Amino acid sequence: MHEALSALKHSHREVIILRKIKGFSITETAEILNCSESKVKSTLHRGMLALEKRLIKESGLNEHTK
């Protein structure tokens, strides 16, 4: 998980850590990153998709096995 997370774009990693690991709200995350709430939501969504793809790739499974 750590490897997959560290391989993500900085913005994706930052939002995932703040929201999913540290538990900040969307509003709090937006304030910390000095951006809009919609930016946090879209970056989180894209980041989670990228993380899932990376984890699937690292596990040696293909997406059709899910």
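Basis for what follows: all heavy atoms, side chains included, without hydrogens, waters or symmetry-related copies. If you read the sequence from its start, that first residue is 1, and numbering goes on from there. In this text the structure is predicted, and so the values were computed from the model without any measurement.
- The two residues V15 and V40 have their closest heavy-atom pair at CG1-O, 3.8 Å.
- The shortest distance between side-chain heavy atoms of K9 and R13 does not fall below 4.5 Å.
- The distance from the CG atom of L51 to the CG atom of L5 is 6.0 Å, given to the nearest 0.5 Å.
- Hydrophobic clustering (ILVMFWY, side-chain heavy atoms < 4.5 Å, transitive): I16 and L49 are in distinct clusters.
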Evaluate M48 against K20 for side chain to side chain contact (heavy atoms under 4.5 Å, CB included), listing each step before the verdict.
CA-CA 10 Å; M48 293 301 289; K20 299 296 184 180; 4.3 Å; yes
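- Cluster annotation: L55 is connected to L44 through the hydrophobic network of ILVMFWY side chains, with a link wherever side-chain heavy atoms come within less than 4.5 Å.
- The 12-atom threshold is not exceeded at CZ of R46, counting heavy atoms of other residues, nucleotides or ligands nearer than 6.0 Å.
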Go through it in stages, so that I can follow the logic: the residues are S25 and T27, the test is side chain to side chain donor-acceptor pair (under 3.5 Å), and I'd like the CA-CA distance, side-chain angles, deciding distance and then a yes or no.
CA-CA 5 Å; S25 70; T27 303; 4.6 Å; no
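- Here OG1 of T43 is found 11.5 Å from CG of L18. Values are rounded to the nearest 0.5 Å.
- Between E31 atom CD and S36 atom OG the span is 12.5 Å, to the nearest 0.5 Å.
- Nearest heavy atom pair, residue L8 against residue G47, reads CD1-O, 4.1 Å.
- The CD1 atom of I17 lies 13.0 Å from the NE2 atom of H12; values are rounded to the nearest 0.5 Å.
- Checked options K53, E58, E52; the residue passing with I56 is E52 (criterion: side-chain contact (heavy atoms from CB on, under 4.5 Å)).
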